[in-house]
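To start, the structure itself, in structure tokens.
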Amino acid sequence: MIALVQITRIFQVGDARVKALDDVQLNITAGEYVSIMGPSGSGKSTLLNILGLLDRPDSGVYQLEGVDTTDLTDRQQAHVRRHKIGFIFQFFHLIPRLTAAENVELPLTLAGVEARERKQRVADTLGRVGLQERARHRPDQLSGGQRQRVAIARAIVMQPPMILADEPTGNLDRASGLEVIQTIEDLNREGMTIVMVTHDPALGRRTARQVRMADGRVMSDERNPP
């Protein structure tokens, strides 16, 4: 599903050129559950941004489902993001004035999905994450765990084959974090590819595969015991 070949990303910081990613090679097959781990500044977030087509590498090739995304125009990349990739962030990024259902509906509206289909897909998706009874609540009326599950519903409502999660439990208490990670793992069991950046060793051990980074390089790539 994902093939990264000699990916390099360089940032100019003052007079210095910093290699955020240095000749990264990585392959992820459809349906995998992968954690990306490493210290701050190791390149995890830059890698996730490349995978999510939020940034472009300076050199190398990123193929997603056999398509070389590095040659796509900005408009073409936006189309791929909308239909192929769901994002889950640490701080939810919900729109405060919208209800849970309206937040989940937003990607469908932007994609031009007809109103009746939008309403049905939103209801079905909120049901998948156990929030059908909170559909009319705004984010400030929800707990942190519920807000993150709304964010998960928004990420999957377009039915993308891949989810990119950036510290999805980092802003939650232990109990809420466990509920969220179990929801993410349910999606993986249904066949969705999950790539998750985390600092939490316990979460890393839950994934099928751990990729460890340092200084912009992949230092290890190991499968966890079942």
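Residue numbers start at 1 and run along the sequence shown. Values below: all heavy atoms of this structure, side chains included; hydrogens, waters and symmetry mates excluded.
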Find the distance between CD (Q77) and CG (L72) and round it off to the nearest 0.5 Å. 5.5 Å
Assess whether a salt bridge exists between D124 and R121, defined as any Lys/Arg side-chain N lying under 4.0 Å from an Asp/Glu carboxylate O. no
Please test Q120 against R118 for side chain to side chain donor-acceptor pair (under 3.5 Å), starting from the C-alpha separation and ending with a verdict. CA-CA 6 Å; Q120 186 60 56; R118 290 202 310 265; over 6 Å; no
Beyond-backbone contact of E190 with R128, side-chain heavy atoms, under 4.5 angstrom: yes
I would like to know whether I163 and I156 meet side chain to side chain contact (heavy atoms under 4.5 Å, CB included); could you show each step before the answer? CA-CA 8 Å; I163 291 291; I156 66 174; 3.7 Å; yes
Please report the interatomic distance CG(L21) to CD1(I7), rounded to the nearest 0.5 Å. 8.0 Å
Less than 4.0 Å between a side-chain N and a carboxylate O, is that true for K119 and E114? no
Carefully, step by step, assess K44 and H199 under the rule side chain to side chain contact (heavy atoms under 4.5 Å, CB included). CA-CA 10 Å; K44 304 185 304 299; H199 282 97; 3.5 Å; yes
Against P57, only a single residue in L4, I50, T46 fulfils side chain to side chain contact (heavy atoms under 4.5 Å, CB included); can you say which? I50
Output for pair (Q148 CD, T183 OG1), nearest 0.5 Å, gives 9.5 Å
Return the minimal non-hydrogen interatomic distance between A153 and V104, and the atom names on each side. CB-CG2, 3.7 Å
When rounded to the nearest 0.5 Å, the distance separating CD of E167 from CG of L203 is 8.5 Å
Has the side chain of N224 got a donor or acceptor atom that lies under 3.5 Å from a matching backbone atom of T207? yes
For S220 and M213, run side chain to side chain contact (heavy atoms under 4.5 Å, CB included): C-alpha distance rounded to whole Å, both residues' side-chain angles, the deciding distance at 0.1 Å, then the answer. CA-CA 7 Å; S220 66; M213 299 188 67; over 6 Å; no
Using the rule that two of Ile, Leu, Val, Met, Phe, Trp, Tyr join whenever any of their side-chain heavy atoms come within less than 4.5 Å, decide whether I181 and F87 are in one cluster. no
Side chains of I10 and V18: does their closest heavy-atom pair fall under 4.5 Å? no
As a quick check of understanding, evaluate side chain to side chain contact (heavy atoms under 4.5 Å, CB included) for T69 and Q76, giving each step before the final call. CA-CA 9 Å; T69 66; Q76 289 170 328; over 6 Å; no
If you measure from CG on D55 to CG on L48, what distance do you get to the nearest 0.5 Å? 11.5 Å
Q6 CD to S59 OG distance, which is reported to the nearest 0.5 Å: 8.0 Å
Determine whether the side chains of E32 and T29 contain a donor N or O and an acceptor N or O closer than 3.5 Å. yes
Give the cluster check for L54 versus L26: same hydrophobic cluster or not, with ILVMFWY residues linked at side-chain heavy-atom distances below 4.5 Å. yes
Would you say that I194 contacts V34 through its side chain, given a criterion of any heavy-atom pair below 4.5 Å between the two side chains? no
Scan side-chain atoms only and decide if D200 and T198 contain a donor-acceptor pair under the 3.5 Å cut-off. no
With salt bridge (Lys or Arg N to Asp or Glu O under 4.0 Å) as the test, would you mind laying out the steps for R206 and E185 before giving the verdict? CA-CA 9 Å; R206 293 180 71 107; E185 289 172 353; 2.8 Å; yes
For salt bridge (Lys or Arg N to Asp or Glu O under 4.0 Å), just list the numbers for R138 and D140, CA-CA rounded to whole Å, side-chain angles, deciding distance to a tenth of an Å, and then say yes or no. CA-CA 6 Å; R138 295 188 310 274; D140 63 356; 3.6 Å; yes
Any side-chain heavy-atom pair of Y62 and L51 under 4.5 Å: yes
Would you kindly confirm whether F89 and V195 end up in one hydrophobic cluster when ILVMFWY residues are joined by side chain heavy atoms under 4.5 Å apart? yes
Can you name the closest pair of heavy atoms from T70 and G60 and give their distance? CG2-O, 4.0 Å
Between P96 and P139 the two heavy atoms that sit nearest each other are O-CD, 3.5 Å
Side chain proximity check, Q25 to V5, heavy atoms < 4.5 angstrom: yes
Beyond-backbone contact of K19 with T8, side-chain heavy atoms, under 4.5 angstrom: yes
Any donor-acceptor N/O pair, E102 side chain to T99 backbone, under 3.5 Å: yes
Without swapping roles, check the side chain of S42 against the backbone of P39 for a donor-acceptor pair under 3.5 Å. yes
When you compare the side chain of L64 with that of K84, does any pair of heavy atoms fall below 4.5 Å? yes
What verdict does the salt bridge (Lys or Arg N to Asp or Glu O under 4.0 Å) test give for D71 and R56, after you've listed the backbone C-alpha separation in whole Å, the side-chain angles of each residue and the deciding distance to 0.1 Å? CA-CA 10 Å; D71 286 338; R56 292 179 184 264; over 6 Å; no
Hey, is CZ on R116 packed in by over 12 heavy atoms from elsewhere, all under 6.0 Å? no
Do any N or O atoms from the side chain of N188 and from the backbone of G31 form a donor-acceptor pair under 3.5 angstrom? yes
I'd like to check Q146 versus L131 (side-chain heavy atoms, cut-off strictly below 4.5 Å). Are they in contact? yes
Within the distance-only criterion (no hydrogens, no angle test), does the side chain of N103 pair as donor or acceptor with the backbone N or O of L94 below 3.5 angstrom? no
In this structure, would I184 and M37 fall into the same cluster of hydrophobic residues linked by side-chain contacts under 4.5 Å? no
For the residue pair H83 and H79, does the interplanar ring angle fall in the parallel (under 30°), tilted (30 to 60°) or perpendicular (over 60°) class? tilted
hydrophobic_cluster_shared for L53 and I28, side chain cutoff 4.5 Å: yes
State, to 0.1 Å, how close G145 and V180 come at their nearest heavy-atom pair, and which atoms those are. O-CG2, 3.9 Å
What are the two closest heavy atoms between P160 and A155, and how far apart are they? CG-O, 3.4 Å
Taking R154 for the side chain and F92 for the main chain, is one N or O donor matched with an acceptor at less than 3.5 Å? yes
Heavy-atom closest pair (V197 atom, P168 atom, distance to 0.1 Å) is O-CD, 4.0 Å
